[in-house]
Protein chains: 2
Amino acid sequence: MSGDPIITVDPSQPVPPYVQIRDQIADLVSTGGLAAGTRLPTVRQLAADLGLANGTVARAYQELEAAGQLETRRGGGTRVAPQAGGRRAAVVREHAHEFATTMRRLGVTAAEALAAVDQAFELGDSDRKDLTVISVQSE
Amino acid sequence: MSGDPIITVDPSQPVPPYVQIRDQIADLVSTGGLAAGTRLPTVRQLAADLGLANGTVARAYQELEAAGQLETRRGGGTRVAPQAGGRRAAVVREHAHEFATTMRRLGVTAAEALAAVDQAFELGDSDRKDLTVISVQSE
DNA sequence: TCCTTTGTATCAAGGACTTGATGCAAAGGT
DNA sequence: ACCTTTGCATCAAGTCCTTGATACAAAGGA
């Protein structure tokens, strides 16, 4: 039982640690890798594991709570928000909206944009970001 | 001729001036608002118009050249790259690819994603959240 | 209620990024 | 060839962001 590591942070990357933490958790929550109600490591725990300050982890949790993905209670820890799973649809809509907006600004028609997305799906992915290394601690 | 207001910069915005300039030009080039071969204002000219330092405008031009959108020659000015117009397709593909990758990571099927994009187009522009940041540049 | 757990607020230090100014180098025009 | 035009390189200063440490507040358990 290795009290597995929770999230990985690469300090050499230009994107700041608190963003790395935030995005990794956001991905997991959105994809269902972390079910609603699942308890996350405490701020101190995760900070210690990653060798960071409490405030750094706290900031990540905070922004995720503001985004509705997490729920925190002092003394009670931090958990994945109840409807967080249901947020997937919202996340999809949001991305689609942004994509559509960009396409419109480029003067691209809906048909053209749809064709491009369709093709992108068929091509499969070339640049694969390293996915998260989270292990859920259940209790 | 042409005292055309090509570019505007709003210092109050959080995004730095050189990025504002870069993105505006990138948009114009992508959409064909600036045809291939079109000569842009000189670094000094644009800097003076905007009340900025030469280096600020130069940086924007530089990054655009690195991205293949512009071509510069010392003493010869800066022009829209010959195949820049043809880049629109590349830009579209790039965005579509990024969108598709995100969708896949969310476990969204192609059909579902296409439906979302289609709907986003029908809805038109409403409010713009800034949760996700999609940047245009490659490389 | 008391004590522990856990998230929050604050603030100073450090670093990264952006800007501005100036001099240099290369291309163009005559 | 000469001189002008125009982009590039460099470097210091200012600003903004991020981090780390510490003290505080709220919730939970016995």
Side-chain angles (χ1 to χ4, degrees), chain A residues 3 6-25 29 37-81 137 139, chain B residues 2 6-25 29 37-81 130 133 135 137:
Chain A
I6 317 300
I7 290 183
T8 55
V9 167
D10 180 2
S12 73
Q13 243 183 331
V15 49
Y18 86 91
V19 173
Q20 294 184 39
I21 297 170
R22 160 161 65 76
D23 290 355
Q24 285 179 49
I25 295 177
V29 171
T38 303
R39 180 168 184 182
L40 295 169
T42 69
V43 166
R44 287 171 179 76
Q45 178 68 51
L46 187 52
D49 287 351
L50 298 175
L52 299 173
N54 296 341
T56 304
V57 174
R59 180 167 180 180
Y61 279 15
Q62 239 169 312
E63 298 196 1
L64 286 166
E65 185 182 27
Q69 309 241 35
L70 300 181
E71 276 186 354
T72 68
R73 284 188 312 188
R74 291 187 176 182
T78 302
R79 294 168 182 277
V80 177
Q137 45 186 13
E139 60 213 270
Chain B
S2 77
I6 304 182
I7 295 191
T8 57
V9 167
D10 179 2
S12 72
Q13 244 183 327
V15 48
Y18 87 91
V19 173
Q20 293 184 41
I21 296 170
R22 160 163 64 76
D23 291 355
Q24 284 179 52
I25 295 178
V29 171
T38 303
R39 181 166 184 187
L40 294 170
T42 69
V43 165
R44 287 170 178 76
Q45 179 67 52
L46 187 52
D49 287 352
L50 298 175
L52 299 172
N54 296 340
T56 305
V57 174
R59 178 165 182 183
Y61 280 14
Q62 237 167 311
E63 298 197 0
L64 286 166
E65 186 182 27
Q69 308 241 34
L70 300 182
E71 276 186 355
T72 68
R73 286 188 311 191
R74 290 187 175 183
T78 303
R79 294 169 182 279
V80 176
D130 64 351
V133 178
S135 59
Q137 64 170 13

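Per chain, numbering begins at 1; letters A, B, ... match sequence-line order.
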Quick one: does B:Arg79's side chain have a donor or acceptor within less than 3.5 Å of a partner on B:Gly37's backbone?
yes
Any residue meeting side-chain contact (heavy atoms from CB on, under 4.5 Å) with [X], in chain and number order, not counting sequence neighbours:
| X | result |
| --- | --- |
| B:Arg74 | none |
| A:Pro16 | A:Tyr18, A:Val19 |
| B:Arg44 | B:Thr42, B:Asn54 |

Proximity to DNA chain C (any heavy atom under 4.0 Å), residues of residues 41-54 of chain B only
B:Leu52, B:Ala53, B:Asn54
Checking all strands, does B:Glu65 fall into the base, sugar-phosphate, or nothing category for heavy-atom contacts under 4.0 angstrom?
sugar-phosphate
At under 4.0 Å between heavy atoms, what does A:Pro14 touch on the DNA or RNA strands: base, sugar-phosphate, or nothing?
nothing
How would nucleotides 25-30 of chain D be written as a contact map, 5' to 3', with B for base contact, S for sugar-phosphate-only contact and - for no contact, using protein heavy atoms under 4.0 Å?
BBBS--
Let me check something: any side-chain donor-acceptor pairs from residues 64-71 of chain A under 3.5 Å, sequence neighbours excluded? List them with distances.
unit_1, atom_1, unit_2, atom_2, d
A:Glu65, OE1, A:Thr72, OG1, 3.2
A:Glu65, OE2, A:Thr72, N, 3.4
A:Glu65, OE2, A:Thr72, OG1, 3.3

Note the angle between the end axes of the helix from C:dT1-D:dA30 to C:dT30-D:dA1, five pairs defining each, rounded to 10 degrees.
30°
Run the side chain to side chain donor-acceptor pair (under 3.5 Å) test against B:Gln24 and tell me which residues pass, sequence neighbours left out.
none
Would you please name every residue forming a salt bridge (charged side-chain N to carboxylate O under 4.0 Å, His left out) with A:Arg59, sequence neighbours left out?
A:Glu63
First and last nt of DNA chain C near chain A, cut-off under 4.0 Å to heavy atoms, 5' to 3', are C:dT5 to C:dA9
Apply the test side-chain contact (heavy atoms from CB on, under 4.5 Å) to residues B:Ile25 and B:Ile7: give CA-CA distance (whole Å), side-chain angles for both, the deciding distance (0.1 Å), then the verdict.
CA-CA 8 Å; B:Ile25 295 178; B:Ile7 295 191; 3.1 Å; yes
Test A:Leu50 against A:Thr56 for side-chain contact (heavy atoms from CB on, under 4.5 Å), laying out the working first.
CA-CA 10 Å; A:Leu50 298 175; A:Thr56 304; over 6 Å; no
Nearest-0.5 Å distance, OG1 of residue A:Thr8 to CG of residue A:Asp10:
8.0 Å
Could you write out each protein N or O paired with an N or O of nucleotides 12-14 of chain D at a distance under 3.5 Å?
none

